[in-house]
Amino acid sequence: MPGMLTSKITERSQTTVPAGVRAALGLRPGERLGYIIQGDEVKLVNASAVAEVDDPVLERFLGMLTASIEKAEHVAPFPHSLLERARAITEGIEIDHDSPIDGVTAL
């Protein structure tokens with residue numbers, strides 16, 4: 001298709017954004033790339049340039065969480081026994097990281 005830029009997906013589902021796409025979106029290192037899915041098409045946007053709506057409840061919660069972490073309140077190491085249990089119950093389970101995710105997801 002004329003004018004189409006392409007990039008290859010690695011085995012770890014990673015890719016390099018072509019220079020022409022970075023230039024068109026004004027992307028610089030460290031900025032976020034956004035994906036807007038509409039039917040069977042995907043639009044790329046410079047997510048760093050999109051204004052985010054301030055959420056006062058979220059801001060207060062994150063402030064409280066930050067203060068709690070800084071004071072080391074309610075902060076404890078992840079229990080080794082829980083980690084071992086998780087490893088035991090997931091042993092031998094294969095995960096295909098390239099398989100599609102069913103349903104609505106927000107990352």
Side-chain angles (χ1 to χ4, degrees):
M1 176 180 269
M4 180 189 308
L5 300 172
T6 64
S7 62
K8 183 178 177 181
I9 304 293
T10 67
E11 288 183 25
R12 295 187 62 176
S13 296
Q14 297 174 334
T15 189
T16 299
V17 179
V21 174
R22 293 192 310 269
L25 296 178
L27 288 168
R28 293 178 302 219
E31 291 190 316
R32 296 177 308 137
L33 183 61
Y35 302 85
I36 300 172
I37 301 172
Q38 296 175 327
D40 62 350
E41 295 183 352
V42 177
K43 293 182 180 182
L44 301 177
V45 297
N46 182 340
S48 297
V50 177
E52 294 188 21
V53 177
D54 289 331
D55 182 340
V57 174
L58 180 60
E59 291 300 318
R60 284 195 302 269
F61 171 75
L62 293 175
M64 177 192 71
L65 185 60
T66 300
S68 179
I69 291 171
E70 287 172 351
K71 293 178 187 175
E73 295 175 346
H74 312 291
V75 178
F78 194 81
H80 184 71
S81 60
L82 185 55
L83 176 60
E84 290 304 314
R85 182 169 179 234
R87 285 182 176 152
I89 63 175
T90 58
E91 185 176 354
I93 295 176
E94 296 287 330
I95 298 174
D96 180 1
H97 293 282
D98 295 324
S99 66
I101 298 173
D102 294 331
V104 177
T105 61
L107 302 177

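The shown structure was predicted, so the numbers you read here are calculated from the model rather than taken from an experiment.
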Q | side chain to side chain contact (heavy atoms under 4.5 Å, CB included) partners of R85, counting only residues at least two apart | A | none
**Q.** Residue E41 excluded, over 12 heavy atoms near CD under 6.0 Å
**A.** no
Q.
Is it the case that over 12 heavy atoms from other parts of the model lie below 6.0 angstrom from the CD atom of Q14?
A. yes
Q. When rounded to the nearest 0.5 angstrom, what distance separates CD in E70 from CG in L65?
A. 10.0 Å
Same apolar cluster (I L V M F W Y, side chains within < 4.5 Å links), [X]/[Y]:
{"X": "V57", "Y": "L62", "result": "no"}
{"X": "I89", "Y": "I95", "result": "no"}
{"X": "V45", "Y": "L27", "result": "no"}
{"X": "I9", "Y": "L5", "result": "no"}
{"X": "I36", "Y": "V17", "result": "no"}

Q | Heavy-atom donor-acceptor pair, E31 side chain to R28 backbone, under 3.5 Å | A | yes
Q. Within the distance-only criterion (no hydrogens, no angle test), does the side chain of T15 pair as donor or acceptor with the backbone N or O of K8 below 3.5 angstrom?
A.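 At least one qualifying donor-acceptor pair exists.
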Minimum heavy-atom distance between [X] and [Y], given as atom pair plus value:
{"X": "T6", "Y": "P18", "result": "O-CG, 3.6 Å"}
{"X": "S48", "Y": "R32", "result": "OG-N, 2.7 Å"}
{"X": "R22", "Y": "T16", "result": "NH1-CG2, 4.3 Å"}

**Q.** side-chain hydrogen bond (donor to acceptor under 3.5 Å, both in side chains) contacts touching residues 91-100 (sequence neighbours left out)
**A.**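 Sorted pair list: S13-D98.
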